[in-house]
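Presented below is the structure to which this report refers.
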Amino acid sequence: MKWLIMYNIVLLYSLVSMISGYAVDKYTNDENKPDAHLIVISAPTSQDDYYQSKYDDIINFDIKYANSVIGKDNIVVLGDSKAIDRFKPHLPDDILFEKGMWDIWMRDPTTVNPYNPVQFRLTPASYENDQTLADNVQNFFTKCFKSLGVTFDETPKDESLFMDGGNVVDNYADKIVVTERFMQDNKLTKDEAKEKLKRFYQGVDKVAIVPVDDPDGLAHSDGMVMFISENVALVTNYAYNSTLRNLTLAELKTAFPGIELIEDADTWTPKDTSKCVGGNAACDKTIPSACGLMVNGVLTNKYLYIPTFKKPTDQSMLNTIQSKTNQTVVPIEALGVCEMGGNVRCLSWQLTGENAKRVIQAARNKVFTQYC
Ligand SMILES: *[C@@H]1O[C@H](CO)[C@@H](O)[C@H](O)[C@H]1NC(C)=O
Ligand SMILES: *[C@@H]1O[C@H](CO)[C@@H](O)[C@H](O)[C@H]1NC(C)=O
Ligand SMILES: *[C@@H]1O[C@H](CO)[C@@H](O)[C@H](O)[C@H]1NC(C)=O
């Protein structure tokens, strides 16, 4: 009799599993979900004094952002043991991976193009022009994730072609945008720059090279423009400088015939420096704040994660964006991190396919290697 009851319980259990999809849902991330991107974010390490005064703000942002991504796209959160302990009460354990990165701004040293990933050489723009430090930051990342089985084309890095991930914005189809900083860093003419980018950025045949909006700063295009669908882009509002505004809009229109451009409601200037109370390392006075920069969002196949700032114009901009895209707009409040000069996109590394699978499984199964 007992075995029959057991048998029935097992049968019932498998039936319930099939109906509820329990077997599928037992992990937070679903690496087989069609079209899902993996977003990887990273908390500061406890040894890093630079972020100390913003530590709680960054941890709280990471928790909020990760919880907004769960169930939509996939997410993995990196951090040292202190950060992981902070995350554990708020985030599922199977998305946490105990590995502190040297830099929380995952966009820059990692890879670009989630579909055909490629790595350029990290510029020293974020590291007080210390190229050795930039190389070390990038190597630390690269060794770790290669040891987990993540693969990407390193040719541009090996050829010393400089570009931060934050300086390339894509629509995952045919278009990318970089700033003139790419030409300067690599001593290339506009035509040469476009040719190099088309060679390494697979699938792209239209490149816009816009002027820089913060000549003394990072000069990343992801603070200037973002694709909200294949042929619609949101552009930072440069009403304070009509030369910059005209040049930027004209370049985008020339490079991308037929593109629809939407300007942000409020202007942003590089003089919008840190709003951190008291002023401290993470709110470096030399780096313009990214507060108000709605273009620093993350585009995935089904979703658009758009930073908000508790501004009166947030909601109307979200509505406008939603009316121009088939992606579902997901607002992510970015006050607390934007003071440091970046927000949602700057903090995110994006992957798909086999690479995403390797990272999701490493976090889930707590796979650690010599380098990771
Ligand atoms: C920018 O474009 C507007 C509209 O085309 C024009 O009126 C204005 O003179 C231009 N400004 C500059 C500085 O080129
Ligand atoms: C306006 O933008 C142009 C083009 O980027 C730049 O050369 C100029 O210095 C800017 N002017 C001001 C006042 O920021
Ligand atoms: C949204 O999807 C529809 C149907 O596939 C398509 O016709 C339309 O062009 C898409 N709109 C945008 C903004 O991509």
Side-chain angles (χ1 to χ4, degrees), residues 34-37 72-73 114-115 125 166-167 169-185 188-190 193 203-273 285-290 292-295 297-306 316-331 341:
D35 294 340
H37 278 210
K72 301 183 185 77
D73 285 295
Y115 294 97
N167 196 23
V169 164
D170 42 14
N171 72 343
Y172 310 133
D174 56 340
K175 302 179 181 68
I176 58 172
V177 185
V178 303
T179 68
E180 287 171 357
R181 181 63 63 82
F182 177 76
M183 294 160 53
Q184 293 150 9
D185 281 345
L188 299 170
T189 65
K190 198 165 184 172
V204 161
D205 65 356
K206 298 181 187 71
V207 181
I209 305 187
V210 293
V212 302
D213 67 355
D214 63 334
D216 303 324
L218 307 180
H220 288 168
S221 60
D222 72 357
M224 302 185 70
V225 58
M226 124 172 246
F227 289 100
I228 60 176
S229 71
E230 221 175 283
N231 216 23
V232 186
L234 180 67
V235 187
T236 297
N237 182 326
Y238 296 117
Y240 73 95
N241 181 342
S242 66
T243 307
L244 174 62
R245 176 173 178 269
N246 288 8
L247 288 172
T248 303
L249 299 178
E251 171 66 12
L252 293 171
K253 284 180 194 160
T254 309
F256 310 139
I259 185 116
E260 182 179 357
L261 301 175
I262 298 166
E263 289 178 79
D264 204 341
D266 299 306
T267 59
W268 175 92
T269 87
K271 293 189 182 66
D272 290 339
T273 48
K285 288 281 179 239
T286 61
I287 297 176
S289 129
L293 284 179
M294 266 189 149
V295 298
V298 164
L299 171 69
T300 69
N301 247 299
K302 296 273 180 353
Y303 298 92
L304 255 173
Y305 301 93
I306 300 285
S316 65
M317 282 308 299
L318 291 171
N319 295 346
T320 303
I321 295 167
Q322 187 62 84
S323 73
K324 300 286 181 185
T325 181
N326 286 332
Q327 267 85 345
T328 302
V329 171
V330 181

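In each ligand, atom 1 is the first atom listed, and ligand 1 is the first ligand listed. This structure is a prediction, so every number in the text was calculated from the model and none was measured.
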Under 4.0 angstrom from atom 9 (O) of ligand 3, is there any protein heavy atom? no

Shortest non-hydrogen pair, Met317 vs Ala265, comes out as SD-N, 3.5 Å

At a non-hydrogen distance cut-off of under 4.0 Å, which region of Glu230 contacts ligand 3 (side chain, backbone, both, or neither)? neither

I'd like to know if the side chain of Tyr238 pairs up with that of Asp213 as donor and acceptor (distance under 3.5 Å, no hydrogens or angles considered). yes

Which ligand 3 atoms, with their elements, are less than 4.0 angstrom from a heavy-atom of Lys324? 13 (C)

Looking at every non-hydrogen atom in both residues, tell me the closest pair between Lys302 and Asp35 and how far apart they are. NZ-OD2, 2.9 Å

For atom 13 (C) of ligand 1, what's the nearest protein heavy-atom neighbour? Residue, atom name and distance, please. Ser242 OG, 3.3 Å

For Asn246, counting its heavy atoms only, list the atoms of ligand 1 lying under 4.0 Å from any of them. 1 (C), 2 (O), 3 (C), 8 (C), 10 (C), 11 (N), 12 (C), 14 (O)

Residue among Val295, Leu252, Val177 satisfying side-chain contact (heavy atoms from CB on, under 4.5 Å) with Val235: Leu252

Check the pair Asp73, Tyr305 against side chain to side chain contact (heavy atoms under 4.5 Å, CB included), reporting the backbone distance first and the verdict last. CA-CA 10 Å; Asp73 285 295; Tyr305 301 93; 2.7 Å; yes

Taking atom 5 (O) of ligand 3 as the reference point, the nearest protein heavy atom with its distance: Asn326 ND2, 4.7 Å

Interfacing atoms of ligand 3 (cut-off 4.0 Å, heavy-atom, Ser229): 13 (C)

Of all the heavy-atom pairs spanning Ser289 and Trp268, show the shortest one and how long it is. O-NE1, 3.0 Å

Thr243-ligand 1 polar pair, N/O distance under 3.5 Å: no

Option nearest atom 11 (N) of ligand 2 (shortest heavy-atom distance, choices Asp213, Leu247, Thr269, Asn241): Asn241

The reported gap from CD1 in Ile209 to OG1 in Thr254 (rounded to nearest 0.5 angstrom) is 12.5 Å

Check whether any protein heavy atom sits under 4.0 Å from atom 2 (O) of ligand 1. yes

Which ligand 2 atoms are under 4.0 Å away from a heavy-atom of Leu244? 2 (O), 5 (O)

Measure the CE-CD1 distance between Met294 and Ile262 for me, rounded to the nearest 0.5 Å. 11.5 Å

